[in-house]
Novice: 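Sharing a structure here in structure tokens format.
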There are 2 protein chains.
Amino acid sequence: MAKRKRVLKWQRDPEGMRLRILEAAKQEFAAHGIGGARVDRIAQKAGANKRMLYYHVGNKEDLYLAVLEGAYEKIRAEERELDLEHLDPPQAIERLIDFTWNYFIRNPEFLALLNTENLAQAKHLKRSTRVKLMHSPFVEMIRDVVQRGVKSGDFRVAVDPVQLYISIAALGFFYLSNSATLSVIFGRDLLGKEAKDERLQHMVGLVLAALTGEAMPSFERGREFPEKVQPPERRTA
Amino acid sequence: MAKRKRVLKWQRDPEGMRLRILEAAKQEFAAHGIGGARVDRIAQKAGANKRMLYYHVGNKEDLYLAVLEGAYEKIRAEERELDLEHLDPPQAIERLIDFTWNYFIRNPEFLALLNTENLAQAKHLKRSTRVKLMHSPFVEMIRDVVQRGVKSGDFRVAVDPVQLYISIAALGFFYLSNSATLSVIFGRDLLGKEAKDERLQHMVGLVLAALTGEAMPSFERGREFPEKVQPPERRTA
DNA sequence: CGACAAATTAACCCGATGGATAAATACTGT
DNA sequence: ACAGTATTTATCCATCGGGTTAATTTGTCG
């Protein structure tokens, strides 16, 4: 458990070593993709010898798969904590959006890994039995929330939970994952605290507005909350 | 101009060669990322000698940048064709969503390239003067559409056009770009014609519902259009 | 036709990289 | 304390891969 006191040439710490290796590999794969990742760099970052990678995990591909599986396990674990059953439907959706968004912010490597895996057409994921067993608990949760929402009158529509889940993930994922190019193109920092808060608000507003029919908060950057847009008479359809 | 008749060992065709090289490079970079791309493979796909890449374009990085710039030019050009000024606001938004979605479907390499560039933190894009000049014409277009929509009463809210643009791109981009992993996780083919139609419908419904307040089409996969969900009395907030 | 430049090919260089092996060192149980 | 195993270090090697050099062919213009 705790580190031994006597520091000689090196100490034994297989579990710790394995963790450091996986962490370093995660960074490396996230930063450079599969092809760009360098095994030597991983060893170096892990404070280990290259031989250790093979000893504790395996070759480059094994390493990548282990990282990927770990990443999925982690998010699925956190997702499970968050049970939305007890919230009323709009709050549940808001919480789901909030969680997803913040998870992505807290785990940027996860985004990069997903992109990398998709570039590889999910060929590793397809092989991984472990990941295939971990389906997101959200789909059933969302189905339930939507049904409850429709029944209670909070929601106007019974959307497909898979579509909704993908949309919620999409709104945050794309923004964060593509923030580098988007920032260049729009000439606007998208990762400042203010910008991120704005984005979260926009996403929640968009989704809830579509589901409930309540109007989303309306403002444009720069001109803070223009005096409440008064509802113009509805146009006869 | 036209191909010469006499076929000896090879014909001269600098412009054609350059195009073939760029096309091959696009495929390769899109399929394998920067680090995974192989210069020899590009040459082979282009039906050229490796030396040709350096002769006509430059080294690997130059090649990548040329591809990236070309990709941006292409989408910006198509965007410009599509002027939304003359449509009424809801139609304009629908058309924008439809165009973006179908552009992504028609140009899967574009998605991959964007992901690749974001993995590299847009470092090439930042350097490229060419791309920085090509800001998307959509932002101003959208601002205009939104304003018109608010004025006409079609829209309830004046959303930030940048947020809206990002959201529209996000809904389609994420779905397509991550379809490989999502398909595995949901155990459901997301790329069939039917699934794609459904997705488009969902996206349009979601965005327009949020903007206009009209209810989005409601159905869940499998159970086609359940008899119209009758609006239950609104819950007192 | 004949030379001169442009376009293309063929061959090679060399450092980087993934992967593997053998030797050294620390820990564990007895 | 000692044997035996788990863990780590130090090298090694074949291959790959980006990039370059030099020779070869083709078109063109006088």
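Note that the structure is a prediction, hence the values are computed from the model and not measured. We name chains A, B, ... by the order of the sequence lines, and we start the count at 1 in each one. Basis for what follows: all heavy atoms, side chains included, without hydrogens, waters or symmetry-related copies.
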Novice: Any pair with a residue in residues 132-142 of chain B that passes salt bridge (charged side-chain N to carboxylate O under 4.0 Å, His left out), sequence neighbours left out, goes on the list, sorted by first then second residue, please.
Specialist: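 Output for this query lists Glu140(B)-Arg143(B).
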
Novice: Using side chain to side chain contact (heavy atoms under 4.5 Å, CB included) as the criterion, list what pairs up with Phe186(B), not counting sequence neighbours.
Specialist: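 For Phe186(B), the residues satisfying side chain to side chain contact (heavy atoms under 4.5 Å, CB included) (neighbours in sequence not counted) are Val139(A), Val162(A), Tyr165(A), Ile166(A), Leu182(B), Arg188(B).
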
Novice: Quickly work out the Arg20(A) CZ to dT7(D) P distance and round it to whole Å.
Specialist: 13 Å

Novice: Within this structure, what is the CD1-to-C1' distance between Ile34(B) and dG18(D), rounded to whole angstrom?
Specialist: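 For the pair Ile34(B) CD1 and dG18(D) C1', the rounded distance is 15 Å.
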
Novice: Ignoring hydrogens and angles, state whether a donor on the side chain of Ser167(A) or Arg199(B) is under 3.5 Å from an acceptor on the partner side chain.
Specialist: yes

Novice: Under 3.5 Å, side-chain donor or acceptor atoms of residues 170-177 of chain A against the rest of the protein: list the pairs with distances, not counting sequence neighbours.
Specialist:
residue, atom, partner, partner atom, Å
Tyr175(A), OH, Leu190(A), O, 2.7
Ser177(A), OG, Asn115(A), ND2, 2.8

Novice: Among residues 39-55 of chain B, which contact DNA chain C at a heavy-atom distance under 4.0 Å?
Specialist: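 Heavy-atom contacts with DNA chain C come from Asn49(B), Arg51(B), Met52(B), Tyr55(B).
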
Novice: Starting at CG of Asn59(B) and ending at P of dG17(D), how long is that distance when rounded to a whole Å?
Specialist: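 After rounding, the gap between these two atoms is 17 Å.
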
Novice: Please determine whether a side-chain nitrogen or oxygen atom of His56(A) lies at a distance below 4.0 Å from atom OP1 or OP2 of dT8(D).
Specialist: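 Answer is yes, contact under 4.0 Å.
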
Novice: Sequence neighbours excluded and cut-off under 3.5 Å, please list the side-chain donor-acceptor pairs for residues 24-37 of chain A, or say none.
Specialist:
residue, atom, partner, partner atom, Å
Gln27(A), NE2, Glu23(A), OE2, 2.6
Glu28(A), OE1, Arg41(A), NE, 3.2
Glu28(A), OE1, Lys45(A), NZ, 2.7
Glu28(A), OE2, Arg38(A), N, 2.9
Glu28(A), OE2, Arg41(A), NE, 2.8
Glu28(A), OE2, Arg41(A), NH2, 2.7

Novice: Below the 4.0 Å mark, does dA16(C) have OP1 or OP2 next to a side-chain nitrogen or oxygen of Arg38(A)?
Specialist: no

Novice: Applying side chain to side chain contact (heavy atoms under 4.5 Å, CB included), name anything that partners Asn59(B), two or more places apart in sequence or on another chain.
Specialist: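 Asn59(B) satisfies side chain to side chain contact (heavy atoms under 4.5 Å, CB included) with Tyr54(B), Glu61(B), Asp62(B) only.
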
Novice: Name every residue in residues 60-68 of chain A that has at least one heavy atom under 4.0 Å from any atom of DNA chain D, in order of residue number, or write none if there are no such residues.
Specialist: none

Novice: Nearest whole Å is fine: how far is dA7(C) P from Leu19(B) CG?
Specialist: 14 Å

Novice: Please list, chain by chain and in numerical order, all residues satisfying salt bridge (Lys or Arg N to Asp or Glu O under 4.0 Å) with Asp144(B), sequence neighbours excluded.
Specialist: Arg148(B)

Novice: Please collect all salt bridge (charged side-chain N to carboxylate O under 4.0 Å, His left out) contacts where either partner lies in residues 70-79 of chain A, sequence neighbours excluded, each pair once.
Specialist: Glu73(A)-Arg130(A), Arg76(A)-Glu79(A), Glu78(A)-Arg106(A)

